[in-house]
Enquirer: 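To start, I am sharing the structure in question, which I have written as structure tokens.
Start at 1 and go down the list; that is how both ligands and their atoms are numbered. Residues take their numbers from the sequence shown, with the count starting at 1.
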Amino acid sequence: MDVKIKDLSLAYGDVAAVDHLSLDIADGESLVLLGQSGCGKTSTMRCVAGLEDPDAGSITIGGRPVFDADSGVDVAPNKRNVGLVFQSYAVWPHMTVIENVSFPLKMKRRARKEIRTRALETLELVGLAHLADKGASLLSGGQMQRVALARSLAMEPNVMLLDEPLSNLDARLREDLRVELRRLQLELGLTSIYVTHDQGEALALADRIAIMQDGRIAQLATPVDTYRSPASASIAQFLGVANIFRIAAPEPGARRLRLADHDLEVVVDAPVAAGTGEASVCVRPEHVRLTTEPAAGPNTWPGTVLVSVFQGSFARATVALDAGPTLEVQTAEDVATALRQHDRVHVGIDPRDVQVLPQEVGGAGAAPARPVAADTPDDGGPAHDRPMAAHAATASREA
Ligand SMILES: Nc1ncnc2c1ncn2[C@@H]1O[C@H](COP(=O)(O)OP(=O)(O)OP(=O)(O)O)[C@@H](O)[C@H]1O
Ligand SMILES: [Mg+2]
């Protein structure tokens, strides 16, 4: 069922945890709330679940008002039919797996036979049917989290609310369960709100990502658009864009932008829009080329390797440019691994990979240097669609 949140505010004392937040989630949509610790993700979820008493605004689920500050509507949590899964494994250790999953159905006074069938079906969905009669305290963390998920799913909730359900699990299991959750969500057509501060999880699980900052939604977009076109430098930084440099207020139409703190000019592809004030140039580490020979073209600079680290399928290097700034570079695994500290290198950045972003959303607005809509197939395709190999560095192994 769809969820409509309108102008919702919730304060704890003088902390505005949720600040005039509006958000529509479509029926069957997976919406991910992504943001830094303390930005108000859990508070927003608790309002939807009915566990908080918001100061203002309204919430409807499937068209039915469950909260409205003006008219005084406030439906009790257990009457909202929302499924909750939290970070801690909230399973009852003294019950078996199937007793845990059956519990909400018993509360709803379903027939005994129906309860068992439904509980087993749900356990099948999360891959735990073979453990139905095992004591819940004997399960691993990942299994317990699946039980918690099955218990919520068994009640056929109108909306699933998941608050960092995977954050207590180890990396491998987290990735497996992430894929499984996405499959379930699509298969069951579940409407869900999923909270995380892990961008990989958000990109994998969302139909749309709502980036929260200070109790508000700073950007609402598909995973692809969020990744390609962050709305501000602070969002870009949160999303792992490691190279962010403030620029001196640029002239409208300028394509050469001077960094505010270094004697260096960066060439951008699209002319800077009029009205661009305080802004930064932003470049993803995977868009920086690394070579041992001087490279031709704009945005090529010499520098020295400070450190390079092996990361498995890729490598990261930190390069101090002679002109002052330090760049984070992501390369093919064999390139940066071959580099030593103090090696001399050259970096290059395609002007199409430089984004000019305002410091904050709602700040003096800078247009992105490369709006997504401006990508046309005949210019060789969007720079970000090029395979990683095209950005891979070409430094030789002898470096
Ligand atoms: N019960 C409470 N009493 C007082 N302040 C609270 C309470 N719960 C949350 N806050 C404050 O409200 C703000 C939002 O908290 P919230 O738990 O919603 O953040 P979050 O985005 O879920 O963070 P995290 O990623 O750390 O879980 C924070 O500043 C927090 O300190
Ligand atoms: Mg939280």
Enquirer: Could you tell me whether Gly40 and ligand 1 have an N or O pair separated by under 3.5 Å?
Expert: yes

Enquirer: If we only count heavy atoms from C-beta on, is the Val195 to Phe86 side-chain gap below 4.5 Å?
Expert: no

Enquirer: Sort by chain and number the protein N/O/S atoms that are closer than 2.8 Å to the Mg ion (ligand 2), and list them.
Expert: Thr42 OG1

Enquirer: Of all the non-hydrogen atoms in the protein, which one sits nearest to atom 15 (O) of ligand 1, and at what distance?
Expert: Ser43 OG, 3.7 Å

Enquirer: Can you find a pair of side-chain heavy atoms, one from Asp350 and one from Asn299, that are under 4.5 Å apart?
Expert: no

Enquirer: Within a reach of under 6.0 Å around CG of Asp263, are more than 12 heavy atoms found that belong to other residues, nucleotides or ligands?
Expert: no

Enquirer: Report yes or no: does a heavy atom of Glu164 sit under 4.0 Å from some atom of ligand 1?
Expert: yes

Enquirer: With a 4.0 Å cut-off, would you call Arg183 and Glu187 a salt bridge?
Expert: yes

Enquirer: How far is atom 26 (O) of ligand 1 from its nearest protein heavy atom, and which residue and atom name does that atom have?
Expert: Ser37 OG, 2.5 Å

Enquirer: Quick one: does atom 30 (C) of ligand 1 have a protein heavy atom under 4.0 Å from it?
Expert: no

Enquirer: For Val15, counting its heavy atoms only, list the atoms of ligand 1 lying under 4.0 Å from any of them.
Expert: 12 (O), 29 (O)

Enquirer: List ligand 1 atoms under 4.0 Å from Ala17, heavy atoms only on the residue side.
Expert: 12 (O), 13 (C), 14 (C)

Enquirer: Using a strict cut-off of less than 4.0 Å between a Lys/Arg side-chain nitrogen and an Asp/Glu carboxylate oxygen, indicate whether Asp322 and Arg344 qualify as a salt bridge.
Expert: yes

Enquirer: List the closest protein heavy-atom neighbour of atom 27 (O) of ligand 1: residue, atom name, distance to the nearest 0.1 Å.
Expert: Thr42 OG1, 3.9 Å

Enquirer: Rounded to the nearest 0.5 Å, what separation is found between the CG atom of Leu181 and the CG atom of Leu190?
Expert: 9.5 Å

Enquirer: So which heavy atom in the protein is nearest atom 25 (O) of ligand 1, and how far is it from that ligand atom?
Expert: Lys41 NZ, 2.7 Å

Enquirer: Heavy-atom pairs closer than 4.0 Å: do any link ligand 1 to the side chain of His197, the backbone, both, or neither?
Expert: side chain

Enquirer: So, applying side-chain contact (heavy atoms from CB on, under 4.5 Å) with Glu328, which one of Arg316, Arg284, Glu286 is it?
Expert: Arg316

Enquirer: Does NE2 in His342 sit with more than 12 non-hydrogen atoms of other residues, nucleotides or ligands closer than 6.0 Å?
Expert: no

Enquirer: In Å, rounded to the nearest 0.5 Å, how long is the span from CG of Leu186 to CG of Asp207?
Expert: 7.0 Å

Enquirer: Quick test: of every protein heavy atom, which one is nearest to atom 11 (C) of ligand 1, and how far off is it to 0.1 Å?
Expert: Tyr12 CD1, 3.8 Å

Enquirer: Protein heavy atoms near atom 18 (O) of ligand 1, is at least one of them under 4.0 angstrom away?
Expert: yes

Enquirer: Stepwise, does the side chain to side chain donor-acceptor pair (under 3.5 Å) test hold for Glu360 with Ser234?
Expert: CA-CA 6 Å; Glu360 300 291 344; Ser234 77; 2.9 Å; yes

Enquirer: So, taking the atom named CD1 in Ile209 and the one named OH in Tyr194, what distance separates them when rounded to the nearest 0.5 Å?
Expert: 12.0 Å

Enquirer: Taking both backbone and side-chain atoms of Gly35, is any N or O found less than 3.5 Å from an N or O belonging to ligand 1?
Expert: no

Enquirer: Does some side-chain heavy atom of Cys282 sit less than 4.5 Å from a side-chain heavy atom of Ile244?
Expert: yes

Enquirer: Please name the pair of heavy atoms, one in Gln359 and one in Ser280, separated by the smallest distance, quoted to 0.1 Å.
Expert: OE1-OG, 2.7 Å

Enquirer: Which residue and non-hydrogen atom of the protein lie closest to atom 14 (C) of ligand 1, and at what distance in Å?
Expert: Gly38 O, 3.4 Å

